[in-house]
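One structure below.
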Amino acid sequence: MSMQRLTELEGHDEFLARHIGPSAAQQTEMALAVGYSSVDALIDATVPASIRLKNPMALDGPQREVDVITRLKAMADKNRICKNFIGMGYYGTHTPAVIQRNVLENPGWYTAYTPYQAEISQGRLEALLSYQQVIMDLTGMELANASMLDEASAAAEAMTLLQRVNKKNKSMRFIVDSDCHPQTLAVLKTRAQPLGIDIVYGDATELLDAGDAFGLFLQYPGSSGEIVDPSALIEQAHAKNTLVVVASDLLALLLLKSPGELGADVVVGNSQRFGVPMGYGGPHAAFFATRDAYKRSTPGRIIGVSVDRDGRPALRMAMQTREQHIRREKATSNICTAQALLAVMAAFYAMYHGPEGLRRIAERTHLLTSLLATELTKAGLKICNKRFFDTLTIEPGDQRDAILTRATAREVNLRCDHSETLAVSLDETSTRADLQLLVEVITGKAPAALEDITADSPIPAELGREIDYLQHPLFNEYHSETEMLRYMRRLESKDIALNRSMIALGSCTMKLNATTEMLPVTWASFGAMHPFAPAQQAQGYRELLDDLERMLTECTGYDAISLQPNAGSQGEYAGLLVIKRYHESRGDTARDICLIPSSAHGTNPASAVLAGMRVVIVECDAQGNVDIADLRAKATQHSDHLAAIMVTYPSTHGVFEEGIVEVCDIVHEHGGQVYVDGANLNALVGLAAPGKFGADVSHLNLHKTFCIPHGGGGPGMGPIGVGSHLQPFLPSHPVTPVPGLSPDNDVVAATPYGSASILPISWAYIALMGAQGLTQASKVAIVSANYIAHRLRDHYPVLYTGRSGTVAHECIIDIRPIKEASGIGEEDIAKRLMDFGFHAPTMSFPVSGTLMIEPTESESIAEIDRFCDALITIRDEIREVESQRLPLDDNPLVNAPHTLHDLTAEQWPHPYTRRQAAFAMDSLQQDKYWPPVSRIDNVYGDRNLFCACPSIDSFRESIEDEPSLG
Ligand SMILES: *Cc1c(COP(=O)(O)O)cnc(C)c1O
């Protein structure tokens, strides 16, 4: 047999053909269906020539998966993982293997979307509710949300919440006690400045005596490790109508009286040490707990208990319309994507260990610290903090250099950010050997053998705590691995994630999160790095970050990137601050107007408010484009005050606006800067670049376009790209300054590179695709959306199209006329899609009464067709209602979703068949998803807000009461 040539046999294992769903022939087929002779003809008709890139991006060619892993391994190997005792909010922890493999590494969990569609999200909602329960129990507060981005930004949110709710004290001062982490102080200062809040930093007791303040921030235990009973200070503060935020530590709270019991108004912190790797800064879930009275002002998402149509308890996101960013310029927080996946992990960690197991971890950590204190004291060292949990601050005097030299030689990281002191923090992973090592490093002498000794706890009796937490059965029933494994599987299988079917959520870009991209996330060489480890230990990260920045400048056309913002919302905020600093640097201090088109995502106006700007809305015309005449008028009217415009491109209406260059020019003429919201970059990469068509700054949602999975509501990353004139104002960091930037710059996240450990995902995606693959992905995303618009057009009106009658990478179908004619609305369609095993498209954004569909390039034509078939079948059902063959109050739509329970009930009282209810399409016979609950009553849940884990009895009762069980 004759063989082919080597070159012919190579090149067939390229990743891009796996990432992109349709084959080349199918792409052409879709373009032909839409009426174009080729993919390129459709793209030429859709993307305005005025913004098209002339040259391909300067990126390496597509690489094979095995080669990309080899390259990542080489980078990871340049990281040196030393023994970490730095603490400062980040600690070693053992991720239980059963959680690592079955949650963190499991697409059933990590590819899910934010649980807006509650019926298909019961699994992750239950896990998040458990997280809230952990936080409420340990903080002693009445209410907790389901995760924040990091501890420092949670502290900033607490500060602004207290300012809003404090009606009795209108001072603009906020006291920050000096024993707090430096990164928290830095983020508080950045957040306070544009809002006119005056941060006063120092000894809280003295500052409280010295003047009025609306709020006070304390850390318990303090950054130095010292534990001070805060109750007297809190009482004194309350007497002066000053409200109090306490930042705390979950492991310490297993032994320490809760801040809630001591009088705190808000408690914040990080759940990282509950089984989530440090990851050079993230991602991990911060927490936010407060009084019930402040629930309506609380930022972030709160999971609540409601009931479904049959009266069964069912979970949902409480007060969804209260989600802050939805309130646009009236919002008080811009947080949208948070850290859901990591909150889920922390909750499972608490279940895995249970209250006694967690207590043992805390006691052991505390005992090792006490033993260390004894040894160091014996050796004559001065320990500054008398009462500690896991952290000792040492005054080494003239021994400092010698200690640090020994530490470096033994690969031990101590906290050394203060010139006078050193500090050491122990954690779950600390061992007897570590104790020996620390004594040797710090005293220079080997300790006597550590026998099975004990020590007296320095925690005073009045701050001690018994096990009064985590008594719910959830934290006591899954201690065998078998039970834990099955519980997590049960929850997972209640939900729809990308490993089940297409999730066509407009604006959210739910594309493939390839396994190869995900592999590095759980390598210890990335995961075990402390965010404040010395730079020379993190050279692998440095190479990765630098290379990713270079890649992202190519993809966006900007000159510089900041990788600090850990969500799109935070990128918006950071980008607007950069604009503000730029204007200020030119003496242009009066510029505070931010123009925002009415079609904008709610985070845009919310971020503008946080950056201290005034929002002026620009109208859209009948075609959904920014109304240029209105823009011109408003830019002229506010010319002296114009700071910026924030526009999304292609627009949230799903069209490439022809006028974008003119929009940029008008704003620049009036001295403003152009912020392009990069959430829709999936339609642009390789075709056009915001940095080239006139924009000054953009954020990129790496969890949309660049393949970081959504994690059921986070993590994400929202780095920003800027033109060279804005580069000097990018965020830096007080502990680890970003190279090339002043450490005094603004700080928007607790760590310099946000959630650094998920950046290998985006790096891998770009390396795998190369310039050609990325460009092809953008084209196919556009072709697929047009194919869907074409297939649905005869059944559902497509709301907006561009000049050639095409859409961008998403299309909006208008349900308003259908509702008018039939009484069936977008919500009924969304719920009915669940019976077909699909997650609904984006509902009522950016136009209420519509559905916005975004297929992405990753969906095969077969899946796209299945999805269109489902929508068309549903349209036929609506016609039955329209023609009154089915009554409006009893049809497959209003009764959707249908549970197995409904189907198997003795009685079937409906005027359509069981088969139509559950198997309306033949393909469902092969793979049927059963929604675990029927339609959830949102109003009931908001009226009866309940955000803790319900008793198991309430579930049992509801099942026993079930009338239709016969
Ligand atoms: C997703 C999105 C955002 C917000 O980004 P997060 O990462 O969720 O904070 C902002 N604007 C648009 C248009 C979006 O689609």
Side-chain angles (χ1 to χ4, degrees), residues 113-116 147-150 153 157 282-283 299-301 317 323-326 328 331 333-341 503-511 563-576 594 596-608 610 620 624 626 646-655 657 675-684 690 697-720 748-749 754-755 758 762 781 808-810 812 841-847 852-854 856:
Y113 180 63
T114 310
Y116 287 111
S147 89
M148 301 292 278
L149 289 163
D150 60 30
S153 60
E157 296 281 354
R301 294 164 172 152
M317 274 166 49
E323 238 206 314
Q324 287 291 340
H325 63 83
I326 292 170
R328 308 181 72 87
S333 161
N334 65 348
I335 184 169
C336 180
T337 292
Q339 306 281 21
L341 184 70
I503 301 182
L505 278 163
S507 216
C508 300
T509 313
M510 301 290 290
K511 57 159 73 172
L563 293 170
Q564 189 168 110
N566 49 15
S569 62
Q570 305 305 296
E572 293 173 18
Y573 169 62
L576 291 174
C594 188
I596 300 184
S598 57
S599 58
H601 192 271
T603 51
N604 290 187
S607 300
L610 291 193
C620 289
V626 172
M646 287 183 100
V647 295
T648 307
Y649 200 80
S651 77
T652 58
H653 286 157
V655 286
E657 295 179 42
Y675 186 110
V676 165
D677 180 327
N680 286 346
L681 216 64
N682 208 43
L684 281 187
V697 47
S698 292
H699 75 261
L700 289 66
N701 305 68
L702 296 190
H703 48 298
K704 295 178 182 171
T705 309
F706 294 96
C707 295
I708 291 176
H710 278 67
M717 272 294 279
I720 54 174
V748 299
S755 297
I758 51 176
S762 297
H809 67 312
E810 56 198 10
I812 300 177
T842 299
M843 230 173 65
S844 291
F845 169 78
V847 182
M852 178 157 61
I853 304 168
E854 177 182 0
T856 83

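For ligands, and for the atoms within them, numbers begin at 1 and follow the listed sequence.
Between Leu684 and Pro690 there is a side-chain heavy-atom pair separated by less than 4.5 Å. Leu341 places a side-chain heavy atom less than 4.5 Å from the side chain of Pro715.
Taking the side-chain hydrogen bond (donor to acceptor under 3.5 Å, both in side chains) definition, one finds that Ser844 meets it with Glu826, sequence neighbours left out. In this structure, the side chain to side chain contact (heavy atoms under 4.5 Å, CB included) partners of Ser153, at least two apart in sequence or on a different chain, are Leu149, Asp150, Arg191. Taking the salt bridge (Lys or Arg N to Asp or Glu O under 4.0 Å) definition, one finds that Lys704 meets it with nothing, sequence neighbours left out.
With 3.5 Å as the limit, one finds a donor-acceptor pair spanning the side chains of Glu854 and Thr509.
At a 4.0 Å heavy-atom cut-off, the residues surrounding ligand 1 are Cys336, Thr337, Ser507, Ala567, Gly568, Ser569, Glu572, His601, Thr603, Asp677, Ala679, Asn701, His703, Lys704, listed by chain and number.
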